[in-house]
Amino acid sequence: MAKSEKQAYDEFIKGVWRENPVFVQVLGMCPMLAVTNSAINGVAMGMATFFVLMGSSFLVSLLKNLIPKQVRISCFIIIIATFVTVVDYVLLATLPGIHKELGAFIPLIVANCLILGRQEAFASRNTIRMALADALGMAAGFLFALVALGGIREILGEGKLFGISLFGDNFEPWVIMILPPGGFITLGLMLLFFNWLEEKKKKLDAQVAATEGSDL
Amino acid sequence: MSEEKQAAAEAGEPSSNRLVGTLAVAGLLSGIIIITVYLATFDTIKENKARELREAVFRVLPGVDKMQRFLHKEGALVVSHVEEKGEKPIYGGYDKAGKFVGYAIPNAGPGFQDTVSVLYGYKPAERVVVGMWILDSRETPGLGDKIYKDAEFVANFDHLSVDPKIVAVKKGRKAKPNEVDAITGATISSKAVVRIINEGNERWLPKLSKPGLEPALEKVEATPEKAEAEK
Amino acid sequence: MTQKDPKLLIQPGPQLRQQMTTPAVMRDVWYALAPTTLAGIWFFGIGALLLLITCIATAVLTEWYFSPEDERRYFLGDGSAILTGLLLGLTLPPALPLWMAVVGSAVAIGVGKTIWGGVGSNLFNPALVGRAFLLATFPIAMTTWTAPGDFFTMPSSIFALPLMTGVVDTVTQASPLGLMKFEYTDTGFVELLFGNTSGSLGETSGLLLILGGLYLWWRRDLDWRIPVGILATAMAFSLALYMMDSGRYPGPIFTALSGGMLLGAIFMATDPVTSPLTPKGIWIFAVGIGFLVVLIRVFGGFPEGMMYAILLMNAATPLIDRYTQPRVFGRGLDTK
Amino acid sequence: MGDLGWIFISTLLINNFVLAYFLGLCPFLGVSGKLETSFRLGLATIFVMVITALCAWILNTYILIYAPYLRLISFIVVIASVVQLIEMAIKKLSPALFRALGIFLPLITTNCAILGLAIFATNKGYGLWQGLVYALGAGCGFTLAIVLMAGLREEVEMSNVPTMVKGIAFNLIVSGILSMAFMGFAGLFSAG
Amino acid sequence: MNLLQQIKDSLSRNIGSFDHGVHPRHHKGQTEKLAIQRLPFGKRFVIPLGQHIGAPAKPIVQLGDAVKRGQMIAEPGGFVSVALHSPVTGRVTVIGSERYADGTFQDAIVIEADQYDPQQMDVNPIDWEALSMEDFIGEVQKAGIVGMGGAAFPCHVKYAIPDGSSIRYLLINGAECEPYLTNDHRQMMEHTEALLYGAEIVRQKLGAEEVVIGVEKNKPEAIVALQNAIKPGQPVRVAPLEVKYPQGAEKMLIKSVFNVEVPAGKLPRDVGVAVNNVGTIIAIAEYFQTGKPLIERVVTVSGPGVTYPANLIVPLGTSIREVLDYAGGLKDETRQVVLGGPMMGASIADLDAPMLKGSSGVLALTVHETERPQEYNCIRCGRCVEACPYFLNPARFARLAKARMYEEMAETYNVMDCVECGCCTYSCPSGIPIVQHIRTAKDHLRSMKGKVQ
Ligand SMILES: Cc1cc2nc3c(=O)[nH]c(=O)nc-3n(C[C@H](O)[C@H](O)[C@H](O)COP(=O)(O)O)c2cc1C
Ligand SMILES: Cc1cc2nc3c(=O)[nH]c(=O)nc-3n(C[C@H](O)[C@H](O)[C@H](O)COP(=O)(O)O)c2cc1C
Ligand SMILES: Cc1cc2nc3c(=O)[nH]c(=O)nc-3n(C[C@H](O)[C@H](O)[C@H](O)COP(=O)(O)O)c2cc1C
Ligand SMILES: Cc1cc2nc3c(=O)[nH]c(=O)nc-3n(C[C@H](O)[C@H](O)[C@H](O)CO)c2cc1C
Ligand code: SF4
Ligand code: SF4
Ligand code: SF4
Ligand code: SF4
Ligand code: FES
């Protein structure tokens with residue numbers, strides 16, 4: 001029991017950090033770049049994706065034995081599209097303001113390769129429990145990335161975070177951050193930062209290995 | 001366990017019937033879910049939309065309390081309650097007493113970045129624009145978006161003569177009743193708004209009913225949005 | 001005296017080299033820009049000098065910081081970072097807060113150059129990448145033009161605190177292009193030629209820019225086809241428009257002398273790194289820029305299109321180069 | 001006509017699907033390594049987009065007014081099947097064309113640029129001709145962007161981009177610069 | 001051909017020049033006024049068996065054999081190969097590996113000179129007019145004559161015209177576009193008669209209509225000397241050429257003189273032209289006049305590192321050291337010694353290596369010439385593109401080669417058409433050794449091709 005709990009936890013952490021869908025696997029970029037010009041939009045998009053991912057992972061792993069191989073992709077897409085439509089309507093009914101901001105990009109969650117990819121690679125081969133842990137991790141990682149990107153763009157672009165002003169009235173907004181080039185460049189630089197961390201870690205590991213080697 | 005084995009055996013050679021069947025079931029299932037959610041949210045969504053429109057109309061036509069949709073058909077304005085494809089409506093606003101106040105006219109055109117959708121209020125009796133609101137735009141945050149965020153600019157349209165046509169001038173140079181102070185740094189967007197309104201006027205002014213002969217306020221219950229509002 | 005057996009060098013041929021070196025080319029461009037720079041400082045005052053120094057210093061520091069440790073000397077040795085900083089500075093409005101210049105210059109070198117692998121590897125003009133970034137980031141500050149004043153003017157806006165808006169306290173004045181685009185007013189030929197107009201630091205005096213260009217051409221550092229192609233195309237295009245409606249469209253002389261046209265055509269489009277290699281390609285490049293400038297100036301949303309025109313053609317340069325390879329000697333002849 | 005012209009210019013340059021809307025990024029970043037391939041992918045995209053616009057218009061006009069809630073699912077299913085049918089037809093009728101474009105078709109059918117096209121065209125309320133021009137503009141815009149990108153990347157292939165930067169991070173930053181350059185087209189033909 | 005094309009052609013007919021190329025300072029002043037001298041015979045002569053293009057020669061003497069000056073010591077190893085002769089009377093002391101100028105070892109025959117022999121040769125004129133074409137070619141091969149223009153390509157191979165082609169012009173290459181070198185220049189002035197005689201032999205044998213001697217305009221005395229020597233009615237003319245490197249590359253020369261481009265991968269004979277260096281023609285003349293095979297050649301010894309620059313007749317096989325010593329030895333500042341011209345020549349590793357049939361010059365260079373600029377990244381300035389006489393894209397070669405994309409260099413950019421003239425490296429402000437990159441690429445491509453076959 002404890003072991004499987006640990007496993008589930010591992011799956012979760014893997015998605016949030018080690019195999020972060022955006023920063024490490026670079027998946028699901030289109031729907032994310034377009035809407036992440038503020039942290040709150042990032043949260044909204046992240047939550048929408050979260051819901052779709054959890055829902056479809058659950059259904060797919062539940063039905064995995066009933067779906068024949070040949071039509072599995074079609075079935076996955078139908079399942080995903082269903083959840084996306086649900087999210088679309090629910091958002092439209094409950095949070096029309098947010099829905100207006102995210103606009104046409106909500107339906108595009110269907111095309112997010114992250115979701116289909118998880119179904120194909122994980123949910124359709126694992127127990128419901130693990131599938132949910134994996135979905136939770138991936139969705140949380142995606143949410144984290146969206147909020148981080150949206151946050152940076154909002155802080156520089158408007159001097160605010162979640163709508164709260166940070167620098168006072170005299171702040172000069174960095175308009176580009178909210179514009180498309182800002183999205184590209186910020187994500188590029190963030191990936192660069194992750195590469196740099198990775199490189200640094202590798203160097204450190206190599207050093208540690210070297211000193212350990214000499215000790216022996 | 002044995003079931004699983006069987007399924008695995010079947011997975012090798014499932015009949016095409018089974019494939020189609022699975023898809024059909026999946027489609028059916030998803031259809032059911034979607035329709036359920038659709039029905040559950042339908043009313044709220046409809047109301048949200050109607051409220052949004054109403055708020056916009058009330059904003060561009062001060063003093064208005066009730067509204068109805070008009071279409072231009074066979075040379076005259078007629079009241080319409082159902083959406084019809086391809087026909088562009090305008091809205092008539094009436095005060096508490098049910099007296100006609102003015103029209104709210106939507107129009108759209110290219111702005112700095114993408115299409116800008118404008119709704120503006122027009123009083124035919126005085127031939128003035130009495131309000132302007134941006135329904136949708138992708139203008140640059142901090143610059144172009146001042147066309148709706150900058151109250152000063154929006155106030156330009158509170159009493160604006162349409163004769164001979166509206167003109168945008170450099171900020172601070174407004175002198176005539178048909179002139180608009182453009183936003184510094186967003187001249188293009190400002191001019192776009194003016195152009196869109198001028199185009200709307202060109203299209204609609206000749207089609208409007210003679211002042212005083214506007215269609216009267218019909219039975220209020222007929223408009224769904226009114227029904228919602230009364231609840 | 002004869003040596004018994006000298007220690008002989010083995011080097012691959014050819015053993016002779018012409019005298020020009022890359023750092024010397026870069027230095028020539030500094031010299032060519034010197035008159036323009038001094039004039040800019042003369043017109044816009046010490047504030048402008050501070051702005052230029054800030055740009056250059058940031059450019060050099062950024063280059064130093066990002067270049068590999070063992071190659072730093074070599075990366076800095078060519079002097080192109082100084083040039084990028086200088087050219088960026090010359091394209092900025094004189095009252096721009098210094099902290100913004102720091103941002104622009106760091107972006108110019110960091111994003112425009114070092115991530116590509118340093119000098120020679122970048123495919124976009126670094127100074128213009130920096131400027132495009134600044135324009136999209138601080139559109140208002142980047143389009144607030146001040147009138148030329150006396151030498152000791154120092155707009156307080158340049159000392160705005162980092163991240164904060166600068167309040168421009170000197171006389172602001174629309175640039176000749178702004179006047180043209182939004183009010184259809186022409187600026188006189190003489191003013192444009194001698195540079196007593198508002199605008200970017202380095203773009204105001206047409207005469208000095210042309211002088212610098214002639215110097216570079218004489219030193220064979222510059223491909224004459226680029227400025228000539230750009231100016232000819234732009235002037236022809238605007239002449240055609242001018243003949244259609246002279247009240248509304250600028251004439252060819254105004255087009256050639258206003259805004260960044262000369263600075264861009266002579267010093268920025270000619271950046272060898274980001275322009276095509278082949279003679280035919282260079283013509284296509286130049287004509288493309290000339291066309292795009294007028295298109296953007298006259299029909300687009302910005303009063304000035306030089307920067308975008310150059311960046312767009314930079315993007316197309318690899319394609320141009322690829323499809324304009326010269327006919328190799330002895331190939332592609334009619335076979336008898 | 002002016003309207004159609006503006007729709008085309010706008011989607012081609014000002015509101016380029018890739019550079020301003022972030023749509024079609026996977027092929028844009030993934031397949032832009034080789035010029036030749038990119039160009040053919042671009043052509044295939046134009047083709048699929050035009051088909052999509054047609055399908056979307058038919059669906060919108062004849063089916064979705066009765067069942068708006070099926071929009072997303074029907075778009076996906078119909079576009080995917082129509083493209084598949086056409087793919088089969090091309091394979092039969094013109095094997096050469098199939099070799100040139102066909103291999104890309106499955107890759108594109110489910111991507112977000114195609115779906116986005118259908119959804120945007122619907123949201124904007126475009127009619128048949130407007131929708132087709134919109135699709136043409138979007139497809140050509142995609143082709144323009146990916147061909148430019150491929151040219152840049154082929155060139156960069158030979159230069160010494162630091163290893164740490166190489167890869168998606170670099171491509172994103174280059175896209176950013178390209179997107180910045182395309183900002184120069186903003187406001188084109190709308191200044192009035 | 002339509003009228004437009006004709007007008008275009010006549011406009012582009014810049015006779016005497018070709019497009020692109022470079023203008024290095026020519027540094028010929030040091031030696032151009034110095035008459036050709038004879039280098040005294042040394043002691044030891046090293047004759048490498050493979051000093052020409054093609055198959056190495058096969059020794060026909062034994063260790064210890066006594067040989068006479070001009071005696072054949074090795075016979076051709078195949079059709080594309082020539083004979084070797086002893087430059088002195090003496091004794092064969094070694095048949096085996098000897099150091100070559102580039103530092104490698106090659107099979108060679110070493111001859112120790114007989115110190116007391118007067119080194120005279122009998123005069124044995126050959127009646128060339130009576131020879132059949134086949135015999136003529138055989139004689140040229142037997143005489144060991146190779147191209148003296150630098151490539152050392154067996155001369156008789158050029159004369160073996162296959163059926164179907166014919167030669168209209170014999171083009172004598174007196175361009176001497178390499179800086180420093182003046183050996184062709186001096187030969188044209190001092191051996192004018194021999195040159196014209198040799199030209200007549202080759203012209204008649206090849207059935208050519210006319211002999212054209214291409215000479216760069218920086219050798220006016222040579223042009224005058226030739227023009228004075230040409231008899232009225234003789235089908236020989238001198239074509240003055242623009243001073244420009246590589247005017248002497250045969251395809252450029254043909255372009256300059258006839259305004260004809262030799263198609264890539266084709267030979268001059270495919271456009272009806274045979275090209276020979278001045279020295280080559282003179283060697284032919286000497287052979288048929290006196291029976292003396294190719295056992296010596298004219299060499300320019302020059303460069304700022306040489307004490308007394310000179311134009312010397314050097315017996316082949318003499319060590320470079322002896323040649324330099326005769327010219328007063330190397331100055332202290334010398335950093336590099338080059339065999340051939342400064343553009344195409346190679347720097348040598350060992351002064352004891354022998355002079356070869358293809359060695360047109362020995363140059364001693366000092367720090368000033370040998371210091372290499374700091375290498376920077378290519379800034380795409382296009383100077384190399386504007387320099388390449390073959391209209392290739394050297395900048396692209398350098399980049400592709402650095403990225404090891406050799407196949408693309410060949411397929412898209414025709415790297416194999418490059419003649420390694422060095423104009424690109426010469427003109428590059430970033431100090432990129434482009435030619436070196438090109439050589440690496442070509443080597444790689446050739447070895448790949450070898451593997452595939
Ligand atoms: C990044 C950026 C975004 C801009 N966005 C807008 C915009 O949305 N609307 C607009 O009218 N002008 C916009 N502009 C400014 C225009 O390009 C143009 O300079 C301006 O309209 C000129 O107005 P002015 O003469 O009042 O300064 C933008 C400029 C930049 C650099
Ligand atoms: C770049 C280059 C430059 C050359 N320059 C000369 C020259 O100046 N004089 C010359 O006789 N041959 C020159 N050659 C060699 C000629 O191309 C050609 O091989 C020669 O003239 C043929 O005559 P040969 O076989 O008698 O030597 C040059 C070759 C190259 C590739
Ligand atoms: C197999 C082969 C056959 C050749 N045949 C001829 C020929 O018939 N006529 C000719 O002028 N040159 C011939 N050449 C020589 C070349 O054209 C060229 O002169 C030689 O490679 C040296 O040229 P360079 O001194 O310019 O480098 C031949 C070369 C080779 C490798
Ligand atoms: C004629 C000439 C023009 C140049 N123009 C620019 C320029 O506009 N912007 C710039 O950053 N560098 C310029 N440079 C410098 C250099 O080429 C540039 O920094 C490289 O792009 C860096 O790789 C120029 C150099 C020369 C020789
Ligand atoms: S696969 Fe699809 S969702 Fe994923 S990054 Fe690519 S386009 Fe975006
Ligand atoms: S390069 Fe040298 S060998 Fe060749 S022609 Fe010129 S001088 Fe003669
Ligand atoms: S060495 Fe080759 S590439 Fe360079 S200039 Fe000469 S022919 Fe052209
Ligand atoms: S000459 Fe050198 S720097 Fe100039 S393009 Fe050629 S290789 Fe590059
Ligand atoms: S193309 Fe946009 S998500 Fe893949």
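What you are looking at is a predicted structure, and each value in this text was computed from that prediction instead of being measured.
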Any sub-3.5 Å donor-acceptor pair from B/Asn48's side-chain atoms to A/Pro96's backbone N or O? no
If we only count heavy atoms from C-beta on, is the B/Leu143 to A/Val175 side-chain gap below 4.5 Å? no
Show your working on side-chain contact (heavy atoms from CB on, under 4.5 Å) between B/Thr140 and A/Leu179 and close with a plain yes or no. CA-CA 7 Å; B/Thr140 317; A/Leu179 301 177; 3.8 Å; yes
Relative to chain B, which segment of A/Leu92 carries a heavy atom at a distance below 4.5 Å: side chain, backbone, both, or neither? both
What part of A/Val86 lies closer than 4.5 angstrom to a heavy atom of chain B: side chain, backbone, both or neither? both
If I take atom OH from residue A/Tyr89 and atom CD1 from residue B/Ile34, how far apart are they, to the nearest 0.5 angstrom? 8.0 Å
Selection from B/Pro141, B/Ala26, B/Ala40 maximising heavy-atom pairs under 4.5 Å formed with chain A: B/Pro141
From A/Leu59 atom CG to B/Ser30 atom OG, the distance as rounded to the nearest 0.5 Å: 10.5 Å
Flag if over 12 foreign heavy atoms under 6.0 Å of CZ, A/Phe162: yes
Taking atom CG of B/Leu29 and atom CD1 of A/Ile78, what is their separation to the nearest 0.5 Å? 10.0 Å
Flag if over 12 foreign heavy atoms under 6.0 Å of NZ, A/Lys160: no
Side chains of B/Thr22 and A/Leu66, heavy atoms from C-beta outward: is any pair under 4.5 Å? no
Heavy-atom closest pair (A/Ser74 atom, B/Leu23 atom, distance to 0.1 Å) is CB-CD2, 3.7 Å
